[in-house]
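Bear in mind the structure is a predicted one, so any value in this text is a computation, not a measurement. Values reported hereafter were calculated over all heavy atoms of this structure, with side chains retained and with hydrogens, waters and symmetry mates removed. Counting begins at 1 with the first residue of the sequence. Numbering of ligands and ligand atoms starts at 1, following listing order.
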Amino acid sequence: MASWGTITRAAAAAAVLLLMLRGIDPAASAPVSIDPINCLDSGLKCCPPPSYKEIVDFKPDSQPTPLRIRRPAHTLDAEAAQKYEKAIALMRALPRDHPWNFIQQSNVHCAYCSGGHVQLGTKNVTIEIHGSWHFFTWHRAYLYFYERILGKLINDASFAIPFWNWDDLAGMSIPTIYRDNTSSLFNPTRYPTALNFTNLGGCEGDGTPGSLDKQKLCNLQVMHRQFAAASNSTSIFFGGALRAGGGSFPGGSPIENSPHSPVHVTTGADMSQISKSGYDPLFIAHHSNVDRLWAIWEGIPGKSSKVIADPDFLDASFLFWDENLERVRIRVRDVIDPRKLGYVYQDVPLKWMDIKTRVEDETSILQAQDLARPYPVGKLNFPLRLRSAAKVNVRRTASRGETLVVSDIELDGRDYVWFDIYVSRVDGGGRAQAGCFIHMERRSDKKIPIITKMQIGIADVIKQIGAAADDQIVVTLEPKVGGDKVTVGGVSII
Ligand SMILES: *[C@@H]1O[C@H](CO)[C@@H](O)[C@H](O)[C@H]1NC(C)=O
Ligand SMILES: *[C@@H]1O[C@H](CO)[C@@H](O)[C@H](O)[C@H]1NC(C)=O
Ligand SMILES: *[C@@H]1O[C@H](CO)[C@@H](O)[C@H](O)[C@H]1NC(C)=O
Ligand SMILES: *[C@@H]1O[C@H](CO)[C@@H](O)[C@H](O)[C@H]1NC(C)=O
Ligand SMILES: [Cu+2]
């Protein structure tokens with residue numbers, strides 16, 4: 001009689017054979033999965049209490065349940081706001097080691113950032129769900145369970161989390177329901193400036209009413225630019241491939257870099273740190289809006305599929321506690337369609353869709369910021385530490401490439417780093433911002449070595465600056481935060 005061990009070994013051997021027949025090196029390619037037992041502390045103390053409870057595979061609801069409609073947080077009616085407030089209050093009141101406890105739930109996010117959950121089949125390779133194609137998918141799964149737990153706590157099967165509609169003129173500040181310091185939705189570490197304005201990336205101002213109008217318009221332009229930079233390619237939209245045992249940060253989606261990260265870093269002290277951002281209830285509404293951008297993009301008909309067909313993407317899986325206190329393994333393929341998860345986003349106008357990219361007059365920028373040209377154009381030596389703005393002539397490949405790649409971006413994952421990326425014509429004229437790279441601060445007791453890259457679609461901005469037919473383009477990298485803490489290995493257009 002065969003023991004379980006033999007059966008498992010035989011099954012594993014068959015699986016390896018199958019992979020080899022398909023021409024895939026089994027050692028190099030497999031979907032990420034999570035070790036149910038091993039979680040490293042790394043000084044953060046965000047690992048869940050150990051559990052040996054059997055893991056069940058995720059199944060969508062077998063019986064139809066009411067569709068959950070996620071609405072803008074700034075338009076919630078009093079009744080919906082009270083329900084939400086009550087659900088979070090109940091979550092906070094649970095025993096500290098209960099899997100639904102507010103801190104436990106906040107720490108779920110932290111434990112999936114570098115240094116927590118260990119990948120199955122490795123002893124010490126931890127999972128990082130930022131900076132890769134698992135950014136959108138993991139957060140969608142996380143919100144799914146979070147929402148259902150809240151619904152369970154208030155016994156409401158149609159309960160839906162709100163979204164922070166910061167891409168709408170009326171939603172670009174901390175929604176009122178989060179402001180009352182006696183509410184369960186309050187967090188004391190928010191910045192006073194965030195009460196008046198939510199910065200989606202580079203839209204600072206002096207806070208006066210006149211400046212605020214310009215800042216809001218700037219936000220719409222950021223939205224347009226970042227969506228355009230991401231939306232033309234499925235692989236750019238999602239970010240770089242992260243496979244089993246793989247190193248962290250193969251490359252973040254343009255949308256993860258902005259508007260996602262600036263909203264975190266300009267909102268408050270907890271929100272700006274990956275490991276603590278879940279302590280602010282705004283986190284859920286913020287990521288609900290990020291998830292909504294994915295749903296909007298999924299809904300736009302396109303030439304190519306809106307899903308990455310790679311099984312290493314689709315079969316990647318994560319573990320969560322669900323609303324029935326089961327430990328559930330959910331795969332990426334389970335979260336591709338929001339409707340199958342039982343929720344939709346309320347339709348609201350998208351003012352930023354049709355707004356034009358901004359082309360700035362380069363000479364006035366140089367004068368305004370007293371930005372001497374620090375390096376002769378085209379003569380940069382890579383790798384380059386971004387102590388000051390760097391300009392480089394980049395040749396487009398024969399096919400007049402429309403994807404800009406900033407490669408081998410090297411930094412310590414504990415550092416907050418932000419640089420902007422502009423394009424302009426070789427023979428002068430205005431420049432337009434193509435995107436930005438933003439890495440949020442992380443806590444760790446040891447260095448987090450990161451080598452990542454950034455890919456952005458530039459078809460839109462190249463047209464705006466009138467360079468669609470040019471063979472070469474000038475790319476400017478302009479450090480904003482922590483430039484001396486990052487080096488860039490190269491810039492190319494493919
Ligand atoms: C994991 O453990 C191996 C073997 O002990 C060690 O060589 C490697 O440096 C460790 N990796 C990390 C990320 O700690
Ligand atoms: C809460 O807000 C009220 C009114 O804005 C203020 O008077 C009070 O000091 C605040 N309490 C705390 C604990 O911050
Ligand atoms: C927010 O706006 C109000 C009204 O314009 C103003 O009085 C207040 O100073 C602003 N607060 C900050 C922190 O900018
Ligand atoms: C998408 O790609 C097409 C073809 O390269 C281009 O014409 C269009 O402007 C691009 N759209 C955006 C939003 O970049
Ligand atoms: Cu986030």
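- The Cu ion (ligand 5) has no N, O or S atom of His130 inside 2.8 Å of it.
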ask   = Yes or no on salt bridge (Lys or Arg N to Asp or Glu O under 4.0 Å) for Lys83 and Asp156, after CA distance, side-chain angles and deciding distance?
value = CA-CA 9 Å; Lys83 273 187 184 175; Asp156 178 354; 2.8 Å; yes
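- For Arg243 and Asp310, the salt-bridge test passes: some basic side-chain N is under 4.0 Å from an acidic carboxylate O.
- Cys203 pairs by the disulfide (SG to SG under 2.5 Å) definition with Cys218, not counting sequence neighbours.
- The minimum heavy-atom distance between Leu153 and Leu90, with the atom names listed, is O-CD1, 3.4 Å.
- A salt bridge links Asp291 with Arg140: at least one charged nitrogen is closer than 4.0 Å to a carboxylate oxygen.
- For His109, every N, O or S atom stays at 2.8 Å or more from the Cu ion (ligand 5).
- Of the charged side-chain nitrogens involved, none lies within less than 4.0 Å of a carboxylate oxygen, so that Lys152 and Glu147 do not count as a salt-bridged pair.
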Just list the N/O pairs, ligand 2 to protein, that are under 3.5 Å apart, with the distance for each.
unit_1, atom_1, unit_2, atom_2, d
ligand 2, 2 (O), Asn181, OD1, 3.4
ligand 2, 2 (O), Asn181, ND2, 2.3
ligand 2, 11 (N), Asn181, ND2, 2.8
ligand 2, 14 (O), Asn181, ND2, 3.3

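- Of all N, O or S atoms in His260, the one lying closest to the Cu ion (ligand 5) is NE2.
- Counted within 6.0 Å of CZ on Arg414, heavy atoms from surrounding residues, nucleotides or ligands total more than 12; the atom is thus considered enclosed.
- Among the atoms of His286, no N, O or S atom falls under 2.8 Å of the Cu ion (ligand 5).
- Geometric assessment of Arg70 against the ring of Tyr343 yields a positive cation-pi assignment under the 6.0 Å and 45° thresholds.
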